[in-house]
Amino acid sequence: MVASKNPAKAAELAAILGQTGIQVVGTEILAKLPAPHEDGATFVANARKKAIHYSRYVPFPVIADDSGLCIDALGGQPGVRSARLGGPAATDGDRIRLVLRKLEGVPWEARTARFVCVLAVAQRGVVLATFEGDVEGVIDFEPKGSGGFGYDPVFYFPPAERTFAELDAGEKDRVSHRGQAISRAVGWLAENLRGTPEELPES
Ligand code: IMP
């Protein structure tokens, strides 16, 4: 089960995992479960916390993702607070505007940033493994593109000379922090996770 209540993120994870032949089951159960408090100081701490939390409700292995954007000129912010920047009512567009405002006057060469993703796999309250990925970019001066989600429109990826929101989904998955974390996880998942749909509880 992919444990993420962020539909765009969950879809990305499920799509990348689907290509590896690993079957993702049970995501509909997630909507009915209470969410954990994401109050860890690091991506690893939050990913572990989410995976442990959701894995207590289901018999099969759970993969949780904690990810975010770390901007060097802002001392690594918003980091683990990426989803909460600007408060609970803020939209992705609001968060992008906030970041661009904080970076006003910062020149291109000082706008370096990275997306970080940590995946934690847990079963019955125990973390079995964690995997990390990151990707370097530059915060653009203005949003560009309509693909992806979150901060993708301002995350300029130099090797592609475009923002993540200007890449198609497959292109982003091949280079992204999430794609990298998953490719590190795939061998381990295939080897260790053999849950079958028969194990799914009544929902
Ligand atoms: P969380 O892991 O649920 O705390 O949320 C991570 C937040 O980081 C997301 O809500 C986005 O704002 C941001 N983020 C993580 N990965 C990506 C990505 O691939 N593209 C754009 N924004 C991302």
Side-chain angles (χ1 to χ4, degrees), residues 1-18 20 22-71 74-85 88 95 113-136 149-152 155 172-173 175-196 199-201 203:
M1 180 173 94
V2 169
S4 175
K5 291 203 179 197
N6 175 333
K9 203 166 75 170
E12 239 179 59
L13 269 168
I16 307 175
L17 281 171
T20 69
I22 293 167
Q23 192 189 4
V24 175
V25 295
T27 41
E28 70 288 349
I29 298 169
L30 196 74
K32 301 175 192 160
L33 301 178
H37 288 295
E38 291 183 36
D39 53 3
T42 63
F43 294 112
V44 175
N46 278 332
R48 291 176 66 94
K49 189 168 186 172
K50 280 189 253 191
I52 289 171
H53 170 84
Y54 288 115
S55 74
R56 292 202 164 112
Y57 293 92
V58 293
F60 42 84
V62 164
I63 303 177
D65 158 317
D66 197 62
S67 49
L69 178 64
C70 302
I71 302 174
L74 303 180
Q77 294 297 315
V80 290
R81 294 185 56 253
S82 294
R84 285 164 282 152
L85 187 73
R95 281 186 278 275
R114 70 204 48 77
F115 273 129
V116 178
C117 171
V118 175
L119 298 177
V121 185
Q123 190 163 19
R124 300 186 196 280
V126 177
V127 174
L128 305 177
T130 59
F131 305 92
E132 301 193 28
D134 58 73
V135 60
E136 302 282 335
F149 69 98
Y151 300 92
D152 280 345
F155 190 82
K172 178 184 169 187
D173 294 344
V175 296
S176 78
H177 48 316
R178 191 161 298 105
Q180 289 185 42
I182 290 178
S183 56
R184 288 184 183 129
V186 162
W188 186 94
L189 293 170
E191 193 65 23
N192 291 278
L193 304 190
R194 301 192 190 282
T196 62
E199 292 173 20
L200 284 169
S203 59

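Note that the structure is a prediction, hence the values are computed from the model and not measured.
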(message) Counting only heavy atoms not in Arg48 (residues, nucleotides, ligands), do more than 12 fall under 6.0 Å from its CZ?
(response) no
(request) Show your reasoning for whether side chain to side chain contact (heavy atoms under 4.5 Å, CB included) applies to Ile63 and Leu189. (result) CA-CA 10 Å; Ile63 303 177; Leu189 293 170; 4.0 Å; yes
(message) If I take atom OG1 from residue Thr130 and atom CZ from residue Phe43, how far apart are they, to the nearest 0.5 angstrom?
(response) 14.0 Å
(message) Distance check, rounded to the nearest 0.5 Å: Glu38 atom CD versus Lys49 atom NZ?
(response) 9.0 Å
(message) As an exercise, state the distance from CG of Asn6 to OG of Ser67, rounded to the nearest 0.5 Å.
(response) 7.5 Å
(request) First locate atom CG of Leu119, then atom CG of Asp66, and finally report the distance between them rounded to the nearest 0.5 Å. (result) 10.0 Å
(request) Mind checking the CD-CG spacing from Glu12 to Leu17? Nearest 0.5 Å is all I need. (result) 11.5 Å
(message) On a heavy-atom basis, which atom in Thr42 and which in Val80 lie closest, and how many Å separate them?
(response) C-CG1, 3.5 Å
(request) Mind listing the closest non-hydrogen atom pair of Pro78 and Tyr151 along with its distance? (result) CG-OH, 3.9 Å
(request) Please say which of Val127, Val126, Val62 ends up in a side chain to side chain contact (heavy atoms under 4.5 Å, CB included) with Ser55. (result) Val62
(message) Could you work out, with salt bridge (charged side-chain N to carboxylate O under 4.0 Å, His left out) as the rule, every residue matching Arg84, not counting sequence neighbours?
(response) none
(request) Please answer whether the main-chain N or O of Glu132 pairs with a side-chain N or O of Arg184 as donor and acceptor at a distance below 3.5 Å. (result) yes
(message) So which atom in His53 and which in Pro34 form the shortest heavy-atom distance, rounded to 0.1 Å?
(response) NE2-O, 2.6 Å
(message) For a quick test of reading the model, state the closest non-hydrogen atom pair linking Val175 to Gln180 and the distance between them.
(response) O-NE2, 3.2 Å
(request) Measure the spacing between CD1 of Ile16 and CG of Asp173 and express it to the nearest 0.5 Å. (result) 3.5 Å
(request) List in chain and number order the residues that pass salt bridge (charged side-chain N to carboxylate O under 4.0 Å, His left out) with Asp65, two or more places apart in sequence or in another chain; answer none if no residue qualifies. (result) Lys9, Arg178
(request) Specify the closest pair of heavy atoms between Ala181 and Phe131, including all atoms of both residues, with the distance to one decimal. (result) O-CB, 3.7 Å
(request) Could you pull out the closest heavy-atom pair between Ala64 and Ala51, with the gap in Å? (result) CB-N, 3.5 Å
(request) Could you tell me how the ring of His177 sits relative to the ring of Phe115: parallel (under 30°), tilted (30 to 60°) or perpendicular (over 60°)? (result) parallel
